[in-house]
Amino acid sequence: MTAHRRHDHPPTTLGDVTRVPWHDMRDTTGSAAAIPFLLAALASGDTAASSTALTGLRNRICRYGFVVDQATAVTVPFLWDLVQRPQVTCRAQILHLLRNIAGARQWETTAAAYPKLRRRHGDHIAWEDAARRAVRDHSDAIPRLLADRDTELVRATEELATTLATVS
């Protein structure tokens, strides 16, 4: 008997990464097509590859620590999946990235000061909101991460939890 995979739920684990139309999305550098490869490198357990991949991913989905784009919200569930895997070598750094995404408000803040920008950059404002919601919507792993033995991971989890408590 062949198991049939249901595709009515949004992609959230690395097993679902191919269900995302990455080539049709944009990240802060252009096409988001490289994101699945960066996620796979993060999952590899290789410290050097993970570090390089995290730098590349950060540049694509949360450039400068506050600029998000279309692919950011879609990438967030995969980051939550990775941070729960003990073999991932940069889990605390992934949590820092999630914290930055949760606090990203560059376009929203600018549009509040200059409302005419909302007409021109409305997509960017929506992408920020979607990215923040994605971090919050997948944060049910926080209690488990707070119970981890890795003190760096626990500290990063506390920082993310604090950020989520202070942003809407």
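Separation of atoms OG (S50) and CD (Q93) is listed at 9.5 Å; rounding is to 0.5 Å. Distance check, rounded to the nearest 0.5 Å: CG of L79 to CG of L54 gives 8.5 Å. Atoms CD1 and CZ, from I101 and R58 in turn, are 10.0 Å apart once rounded to the nearest 0.5 Å. Here OG of S51 is found 9.5 Å from CG of L42. Values are rounded to the nearest 0.5 Å.
Tracing side-chain contacts under 4.5 Å through hydrophobic residues (I, L, V, M, F, W, Y), one never reaches I61 starting from F37; they form parts of separate clusters.
Using a 4.5 Å heavy-atom cutoff, the side chains of V83 and V88 are not in contact. Side chains of W80 and S139 form a contact here, defined as non-hydrogen atoms less than 4.5 Å apart.
C62 and L97 make their closest contact through CB-CD1, 3.6 Å (heavy atoms, listed as atom of the first residue, atom of the second, distance). Across every non-hydrogen atom of A41 and S44, the tightest pair is O-OG, 2.7 Å.
Side-chain atoms of T28 and R60 form no donor-acceptor pair, as typed in the model, at a separation below 3.5 Å.
A donor-acceptor distance shorter than 3.5 angstrom exists from the side chain of W22 to the backbone of V17, with no hydrogens or angles considered. In this structure, the side chain of D81 engages the main chain of L14 through a donor-acceptor pair within 3.5 Å. Judged by distance alone, with hydrogens and angles left aside, the side-chain atoms of R63 form no donor-acceptor pair with the main-chain N or O of V68 at under 3.5 Å. Between the side chain of T166 and the main chain of T163, a donor-acceptor pair closer than 3.5 Å is present.
Note: W127 and H124 have perpendicular aromatic rings, judged against thresholds of 30 and 60 degrees for the angle between ring planes.
Residue pairs that meet the salt bridge (charged side-chain N to carboxylate O under 4.0 Å, His left out) test with at least one member in residues 143-162, sequence neighbours left out, are R91-D148, R99-E159.
Considering only residues two or more places apart in sequence or on other chains, D69 meets the salt bridge (Lys or Arg N to Asp or Glu O under 4.0 Å) condition with none of them.
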